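Comments concern the structure below.
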Amino acid sequence: MHTDINALFAALWQDYIQMTPSAAKVHELLGHGKPIINDHIALRTFNIAKVNLAVLAEHFTSLGYVACGDYKFEQKKLVAKHFEHPDATQPKVFISELLVEEFSPSLQSTIQGLIAQVDEEATKADNFIYSGRHWSLDAKTYETLLEESEYAAWVAAFGYRANHFTVSINHLEGFETLESVNDALKQAGFVLNSAGGEIKGSPEVLLEQSSTMADKIAVEFSDATVEIPSCFYEFALRYPKANGELYTGFVAASADKIFESTNAKKA
């Protein structure tokens with residue numbers, strides 16, 4: 001496990017921009033060369049004991065993170081938790097897991113077969129949460145998974161790494177609103193996720209979010225190299241609660257639509 005929180009996020013970021021070439025351009029466009037504060041990062045996994053949400057969370061709780069919220073996504077058959085660090089400038093961490101047993105027997109056996117190839121020791125290594133795929137996968141299996149669960153196909157193809165980073169608009173110089181950020185992105189040619197509208201959430205729920213559609217990158221499978229959606233960049237604007245402190249949780253209805261950012265069928 002990492003002992004340095006900043007080194008962990010730096011490593012996650014380096015892996016993420018390899019998967020998401022547009023992210024570095026977005027970073028430049030919005031940050032004007034200044035550091036950008038990350039609102040949160042997100043990780044995906046399966047609810048199989050060897051690699052479940054708790055296994056991923058350990059990499060953060062060992063650095064002082066605490067569990068703060070639980071979420072359920074009925075349609076996508078997912079559950080999630082978010083974690084916060086006592087130092088509020090550190091990114092929040094949103095980890096979701098697929099409820100594998102709620103899917104077809106064939107998807108279940110495929111996923112069990114992939115996870116059987118993971119070395120248990122690897123899950124405890126410093127680099128596990130940015131180590132990618134630990135199994136052999138062919139393109140046909142990816143396509144079969146995609147028909148049933150876009151999420152399952154994504155994790156099968158990309159393994160363990162940040163699914164997205166999120167710019168904190170509250171800490172971003174030169175932009176007051178999420179609309180102004182979206183406009184700048186669209187003018188620069190970026191495609192936004194429009195599922196449920198470009199802006200998900202509202203001041204009433206204390207959180208507004210938007211995101212780019214995932215980059216498409218060439219992924220090597222055991223039998224072919226295929227261009228598929230990889231990772232995306234998210235943008236979050238938080239509003240103060242009655243006590244004046246910024247809301248730090250997540251809104252399940254909005255997050256549900258953010259998941260669509262990697263959906264090849266929507267792209």
Side-chain angles (χ1 to χ4, degrees), residues 9 12-13 16-17 19-32 34-44 69 71 73 75-76 78 80 82 84 91-96 150-151 154 161-217 229-241 246-267:
F9 281 107
L12 278 159
W13 172 259
Y16 166 73
I17 57 176
M19 296 292 112
T20 326
S22 69
K25 296 176 191 155
V26 171
H27 201 276
E28 218 170 281
L29 175 74
L30 299 181
H32 306 299
K34 293 185 178 144
I36 282 180
I37 298 280
N38 289 307
D39 179 84
H40 69 274
I41 68 154
L43 299 165
R44 296 178 173 188
Y71 310 90
F73 301 92
Q75 264 185 312
K76 292 187 170 62
L78 299 168
H82 97 267
E84 295 178 29
K92 289 170 276 295
V93 177
F94 186 91
I95 306 175
S96 55
E150 185 275 325
Y151 183 108
W154 190 93
R161 48 175 36 109
N163 168 260
H164 61 270
F165 271 70
T166 307
V167 176
S168 169
I169 306 305
N170 299 80
H171 298 89
L172 191 62
E173 287 181 31
F175 295 93
E176 296 294 312
T177 65
L178 197 50
E179 283 95 336
S180 61
V181 170
N182 288 352
D183 288 345
L185 291 164
K186 287 188 290 190
Q187 280 168 11
F190 294 99
V191 178
L192 298 184
N193 168 348
S194 59
E198 282 179 1
I199 293 180
K200 295 94 172 85
S202 64
E204 289 69 38
V205 296
L206 305 181
L207 176 63
E208 291 181 341
Q209 293 163 276
S210 67
S211 62
T212 60
M213 287 303 285
D215 282 13
K216 284 199 168 171
I217 66 165
S230 58
C231 308
F232 60 93
Y233 216 160
E234 191 188 320
F235 314 94
L237 180 65
R238 295 179 178 278
Y239 289 87
K241 298 180 291 189
L246 283 182
Y247 175 68
T248 58
F250 292 84
V251 178
S254 302
D256 187 72
K257 299 287 185 265
I258 292 285
F259 278 117
E260 298 293 335
S261 301
T262 53
N263 193 339
K265 294 175 186 143
K266 299 280 170 79

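Every heavy atom of this structure was used, including side-chain atoms; hydrogens, water molecules and symmetry mates were not. Because the structure is predicted, anything quoted here is derived from the model rather than measured.
- Distance check: H164 NE2 to L43 CG gives 9.5 Å after rounding to the nearest 0.5 Å.
- Between the CE atom in M213 and the CG atom in N263 there is a gap of 6.5 Å [rounded to 0.5 Å].
- In this structure the side chain of V205 never reaches within 4.5 angstrom of the side chain of Y247, judged on heavy atoms.
- Residue pairs satisfying the salt bridge (charged side-chain N to carboxylate O under 4.0 Å, His left out) criterion with at least one member in residues 187-197, sequence neighbours excluded, are absent.
- Taking T166 as the reference, H40 meet the side-chain hydrogen bond (donor to acceptor under 3.5 Å, both in side chains) condition, with sequence neighbours excluded.
- Between the CD1 atom in I17 and the CZ atom in F165 there is a gap of 9.0 Å [rounded to 0.5 Å].
- Residues satisfying the side-chain hydrogen bond (donor to acceptor under 3.5 Å, both in side chains) test with N163, not counting sequence neighbours, are none.
- Put simply, the side chain of H32 does not reach to within 4.5 Å of the side chain of E173, judged on heavy atoms.
- Counting only distance, with no hydrogens or angles, the side chain of T212 and the backbone of Y233 share a donor-acceptor pair below 3.5 Å.
- Residue S210 comes nearest to E198 through the heavy atom pair CB-O, 3.2 Å, listed as atom of the first residue, atom of the second, then distance.
- Residues forming a salt bridge (Lys or Arg N to Asp or Glu O under 4.0 Å) with K92 (at least two apart in sequence, or on another chain): D39.
- Legend: residues meeting ring-ring contact (aromatic ring centres under 6.0 Å, His included) with F94, ordered by chain and number and at least two apart, are Y71, F250.
- Taking I169 as the reference, V167, L172, L178, V181, F235, L237 meet the side-chain contact (heavy atoms from CB on, under 4.5 Å) condition, with sequence neighbours excluded.
- The salt bridge (Lys or Arg N to Asp or Glu O under 4.0 Å) check on E208 picks up nothing, with sequence neighbours excluded.
- Residues passing the side-chain contact (heavy atoms from CB on, under 4.5 Å) test with K76 are F73, L78, D256, F259, E260, sequence neighbours excluded.
- Among residues two or more places apart in sequence or in another chain, the ring-ring contact (aromatic ring centres under 6.0 Å, His included) test is passed with F175 by none.
- Atom CD in E176 sits 10.0 Å away from atom CG in N170 (nearest 0.5 Å).
- For the side-chain hydrogen bond (donor to acceptor under 3.5 Å, both in side chains) test, no residue two or more places apart in sequence or in another chain qualifies with S254.
- The shortest heavy-atom contact between S230 and W154 is O-NE1, 2.5 Å.
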Do any side-chain atoms of residues 21-30 form donor-acceptor pairs under 3.5 angstrom with protein atoms, and if so which ones, sequence neighbours left out?
from : atom 1 : to   : atom 2 : distance (Å)
S22  : OG     : D215 : OD1    : 2.6
S22  : OG     : D215 : OD2    : 3.2

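- When every heavy atom of L246 is checked against every heavy atom of K241, the shortest pair comes out as O-CE, 4.1 Å.
- In this structure, CG in L185 is found 6.0 Å from CG in L192, a value given to the nearest 0.5 Å.
- N193 places a side-chain N or O within 3.5 Å of a backbone atom of K257 that can act as its donor or acceptor partner.
- With hydrogens and angles ignored, the 3.5 Å screen pairs no side-chain donor or acceptor of Y16 with any backbone N or O of I41.
- Take E84 and apply the side-chain hydrogen bond (donor to acceptor under 3.5 Å, both in side chains) test, not counting sequence neighbours, and it matches H82, T248.
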